[in-house]
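In what follows, a structure is listed as structure tokens, so that the remarks can point back to it.
Here is the naming used below: chain letters follow the sequence lines, and residue numbers restart at 1 for every chain.
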Amino acid sequence: MIVNKIVRVRIAPSPTGDAHVGHARTALYDYLFAKQRGGTFVLRIDDTDTARNTATSEEGVYRGLRWLGLEWDEGPDKGGAYGPYRQSERLDIYGHYVNELLASGKAYECYCTAAELEAERQAQIEAKDHPRYSGKCCNLTAEDKGHLQAEGRVPTVRLKVISGIVGFTDLVRGWIEADTSLMGDFIILKSSGIPVYNFATVIDDHLMEMTHVTRGAEHIANTFNQLLTYKALGWTAPHFAHFSIMLNEDRSKMSKRKGATFLGQYAEMGYLPEAMLNFLAFLGWSPGGTEEEIYTLEQLQKLFSLERCTVSNAVFDIKKLDWINAKWIRILSPEDLASRLVPFLRKADLLGEDVDMEFLTQVTRLIQERLPRLDEAATACTTFLREPAVPVDELRQLLGDNDAQVCISAVIDSLESVDWDEAEIEQAIRRIQEQLGWSTKVYYMFLRLAVMGSKVSPPLFSSMAVLGKEKVLSRMQRTAASLY
RNA sequence: GGCGCGUUAGUCUAGUGGUCAGGACGCCGCCCUCUCAAGGCGGAAUCACGGGUUCGAGUCCCGUACGCGCUACCA
């Protein structure tokens with residue numbers, strides 16, 4: 001038991017891709033747990049898979065976590081008392097413990113080749129036996145080893161597995177155990193001299209004084225190996241907690257091949273980090289005792305608890321994300337939202353370098369409550385930022401026998417003398433409708449098409465107010481001209 | 001195949017032996033309304049299956065099915 005220690009939790013991604021939403025949720029839970037206990041949140045890069053990791057994806061991990069606002073206290077880029085924080089820079093440390101296990105006879109060198117191991121495994125499967133390493137290199141003499149080395153073989157190191165039951169109390173699932181006799185001695189050091197993840201993680205978690213190892217359920221099976229390693233080293237294992245796994249809509253594990261799985265993709269699609277965080281928090285956890293679903297990181301930090309984490313897999317439902325995103329968009333101040341819209345509008349070529357933020361903010365106020373994602377601002381804002389084409393066909397179809405010229409000149413006449421203010425505009429426009437006697441539906445749809453160029457837009461009076469008298473009148477004149 | 005973990009509506013979940021099984025997303029309908037949203041109101045839809053235990057089971061036990069994970073010199 002670890003008592004009276006400052007809580008230390010880590011997120012240990014392998015830099016083999018961009019920041020994945022599954023990792024993001026694990027990171028969120030790790031962060032929430034650490035922070036709510038006044039603990040330390042550590043970022044460690046588990047890059048022992050030299051064949052797959054890349055420098056750019058390490059950057060991607062940083063970017064993703066920071067986008068969500070999950071700032072770590074210690075990590076490769078900011079140091080700390082327990083560094084280095086990249087496993088590839090800790091090789092000598094692992095070597096030291098491998099040697100210690102070798103010296104005490106708890107581990108041994110294995111000279112089997114991959115082909116030999118594979119053949120052994122196949123034979124076991126055919127014999128309907130549980131495939132596991134036979135342990136045949138366990139008692140090699142110095143002479144044997146000499147011969148094998150002369151053949152050019154480079155050994156791996158395996159930990160001797162002692163038969164019996166190993167188990168642990170998972171903080172979200174309760175007691176979990178397994179029979180190690182089914183396991184076989186497993187590799188802790190690859191022939192390349194680089195340790196296997198399962199070994200390195202034990203060394204690091206211990207040396208970095210992690211009190212809680214909280215991670216995805218795909219690591220449950222690894223935990224047994226790690227427990228054996230802790231035991232061999234004479235160390236006390238930390239507490240473990242395993243979260244549910246996130247699934248695609250077809251219930252397969254979220255992978256890089258299906259749909260959007262990287263944080264960066266969601267940012268590009270116009271999801272707010274606040275919304276993503278909020279959504280992820282509820283995918284595998286719930287506060288209980290309340291029906292409120294909108295929370296900030298700070299609020300989640302107070303509410304979170306491992307005990308209330310869900311134990312069954314959760315499907316990533318983008319519809320729900322959309323809903324939360326729309327909620328968050330409406331929570332933002334118009335000024336804040338407007339500035340977040342700028343890159344999206346630039347991308348759509350609706351804005352240049354110089355931006356009239358005051359005007360953009362006014363437009364934002366109008367579209368804010370009908371904007372599900374930031375990337376849709378391009379469509380929603382276009383009529384305010386660019387002269388729309390006159391929708392002649394739609395206008396004609398709508399008008400029928402109504403005389404557009406009469407209507408437009410009446411409206412223009414009236415609007416010309418109006419103080420450009422929403423209430424004034426409304427008054428003038430309503431008055432013309434009474435004079436003309438047009439049906440409400442046709443009248444307003446006609447004006448909408450004439451001024452906004454579309455059947456869908458924010459409310460007419462406020463839109464006109466924001467657009468300005470000059471543009472409104474010229475667009476109406478243009479429409480009248482197009483209708484001849 | 002073996003081992004592990006799981007299974008409340010299409011999806012996320014509440015629920016810890018006695019509730020009309022609650023909420024949310026989505027879906028459908030109505031209201032509001034100058035369109036679209038937002039908002040309000042209402043509706044359809046759930047305890048995987050089979051055995052136990054118990055006066056009583058979504059809740060406890062066993063089995064089956066299904067899903068997922070692991071079974072690597074990946075993490």
Side-chain angles (χ1 to χ4, degrees), chain A residues 12-16 23 46-49 51-53 87 110 112-114 117-118 121 124-126 128-132 154-158 170 173 176-179 182-184 186-198 200-201 215-225 242 244-245 247 249 251-253 279 282-293 308 310-324 326-327 330 367-372 380 426 429-430 433 440-449 452 454-461 463:
Chain A
S14 60
T16 53
H23 287 145
D46 282 9
D47 55 353
T48 52
D49 186 357
R52 296 199 306 162
N53 62 55
Q87 291 192 326
C110 169
C112 296
T113 63
L117 293 171
E118 185 52 32
R121 187 176 306 122
Q124 286 169 331
I125 289 170
E126 273 169 43
K128 300 230 188 279
D129 200 2
H130 190 77
R132 54 169 157 345
V154 183
T156 60
V157 176
R158 311 187 89 112
D170 189 292
R173 290 158 199 263
I176 301 176
E177 63 178 28
D179 185 351
L182 269 9
M183 228 183 249
F186 56 88
I187 292 174
I188 57 175
L189 191 74
K190 305 179 204 175
S191 54
S192 61
I194 294 170
V196 131
Y197 157 79
N198 255 340
T201 203
R215 72 242 290 201
E218 63 270 23
H219 287 287
I220 291 177
N222 289 328
T223 309
F224 303 119
N225 296 252
H242 295 275
S244 62
I245 291 170
L247 267 29
E249 271 178 81
R251 302 205 75 85
S252 62
K253 189 183 177 188
F279 171 69
F282 275 77
L283 212 61
W285 170 85
S286 77
T290 170
E291 265 148 28
E292 183 56 51
E293 296 199 73
R308 294 202 59 84
T310 281
V311 102
S312 58
N313 296 169
V315 174
F316 188 98
D317 179 14
I318 201 158
K319 289 266 180 58
K320 181 88 176 232
L321 209 209
D322 284 338
W323 176 77
I324 292 183
K327 278 273 197 216
R330 278 173 268 140
I367 63 162
Q368 183 160 22
E369 108 180 344
R370 53 212 102 218
L371 195 66
E426 173 166 2
I429 288 192
R430 286 197 189 283
Q433 190 207 348
T440 305
K441 295 260 180 215
V442 172
Y443 180 68
Y444 284 102
M445 189 50 83
F446 171 66
L447 292 183
R448 186 182 312 283
L449 283 168
M452 312 301 284
S454 165
K455 279 182 151 172
V456 175
S457 83
L460 243 196
F461 309 129
S463 294

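A:Leu447 has its CG atom 13 Å from the P atom of B:C34, to the nearest Å. We find that CD of A:Glu291 is positioned 7 Å from C1' of B:G22, with the value rounded to whole Å. Residue A:Lys327 contributes atom NZ, which lies 13 Å from atom C1' of B:A37 at whole-angstrom precision. Rounded to an integer number of Å, the gap from CZ of A:Phe461 to C1' of B:C34 is 6 Å. Straight-line distance from the NZ atom of A:Lys320 to the P atom of B:G23: 13 Å, rounded to whole Å.
For A:Ala12 against A:Asp46, the heavy-atom pair with the smallest separation is CB-OD2, 3.4 Å. The two residues A:Lys190 and A:Thr48 come nearest to each other via the heavy atoms NZ-O, 3.0 Å. Taking all atoms of both residues into account, the shortest heavy-atom contact from A:Arg173 to A:His242 is NE-O, 3.0 Å.
On the P atoms, B:G63 is 22 Å away from B:C68, given to the nearest whole Å. Distance noted for atom P between B:C5 and B:A9: 22 Å (whole Å). For B:U8 and B:C66, the C1' atoms lie 16 Å apart once the distance is rounded to whole Å. Going from the C1' atom of B:C27 to that of B:U64 covers 34 Å, rounded to whole Å. A distance of about 30 Å separates the C1' atoms of B:U11 and B:G18, rounded to the whole Å. Comparing the C1' positions of B:C47 and B:U59 gives an interatomic distance of 10 Å, to the nearest angstrom. One P atom belongs to B:G40, the other to B:G26, and the distance between them is 13 Å to the nearest Å. Nucleotides B:C31 and B:G15 place their C1' atoms 34 Å apart, quoted to the nearest Å.
Distance from the side chain of A:Asp317 is smallest for B:G10 among the nucleotides B:U35, B:G10, B:G39. Among the nucleotides B:U13, B:A24, B:A38, the one closest to any side-chain atom of A:Glu369 is B:A38. Here B:U13 is the nucleotide among B:U13, B:G4, B:U35 with the atom lying nearest to any side-chain atom of A:Ser286. Listed nucleotides B:G39, B:U35, B:U7 differ in distance to A:Ser312; the shortest reach to its side chain belongs to B:U7.
By the 4.5 Å heavy-atom criterion applied to side chains, A:Tyr197 and A:Asp49 are not counted as neighbours.
Formation of a donor-acceptor pair under 3.5 Å by the A:Gln124 side chain with backbone atoms of A:Arg132 is found in this model. No side-chain donor-acceptor contact under 3.5 Å links A:Arg308 to the backbone of A:Trp285. At distances below 3.5 Å, at least one donor-acceptor pair connects side-chain atoms of A:Thr223 with backbone N or O atoms of A:His219.
In this entry B:A48 has B:U64 as its Watson-Crick or G-U wobble partner, both defining distances falling under 3.5 Å. Here B:C3 sits opposite B:G69 as a Watson-Crick or G-U wobble pair (both hydrogen-bonding atom distances under 3.5 Å).
The residue among A:Phe316 and A:Leu182 whose nearest nucleotide of RNA chain B is located toward the 5' end is A:Leu182. Along RNA chain B, the nucleotide closest to A:Gly289 and the one closest to A:Leu371 are compared, and the more 5′ of them pairs with A:Gly289.
Between A:Arg308 and B:U16 there is no side-chain N or O to OP1 or OP2 distance below 4.0 Å.
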For nucleotides 30-33 of chain B, which of its nitrogen or oxygen atoms have a protein nitrogen or oxygen under 3.5 Å away, and what is each distance?
none

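If you check distances only, the side chain of A:Arg173 never reaches the base of B:C5 with a donor-acceptor pair under 3.5 Å.
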* **Protein-to-nucleotide contact annotation, 5' to 3' order, nucleotides 68-75 of chain B [B base; S sugar-phosphate only; - none; under 4.0 Å, heavy atom]** => SSS-SBBB

* Asked: Is there a side chain to side chain contact (heavy atoms under 4.5 Å, CB included) between A:Ile324 and A:Glu293 once you walk through the steps?
  -> CA-CA 9 Å; A:Ile324 292 183; A:Glu293 296 199 73; 5.8 Å; no

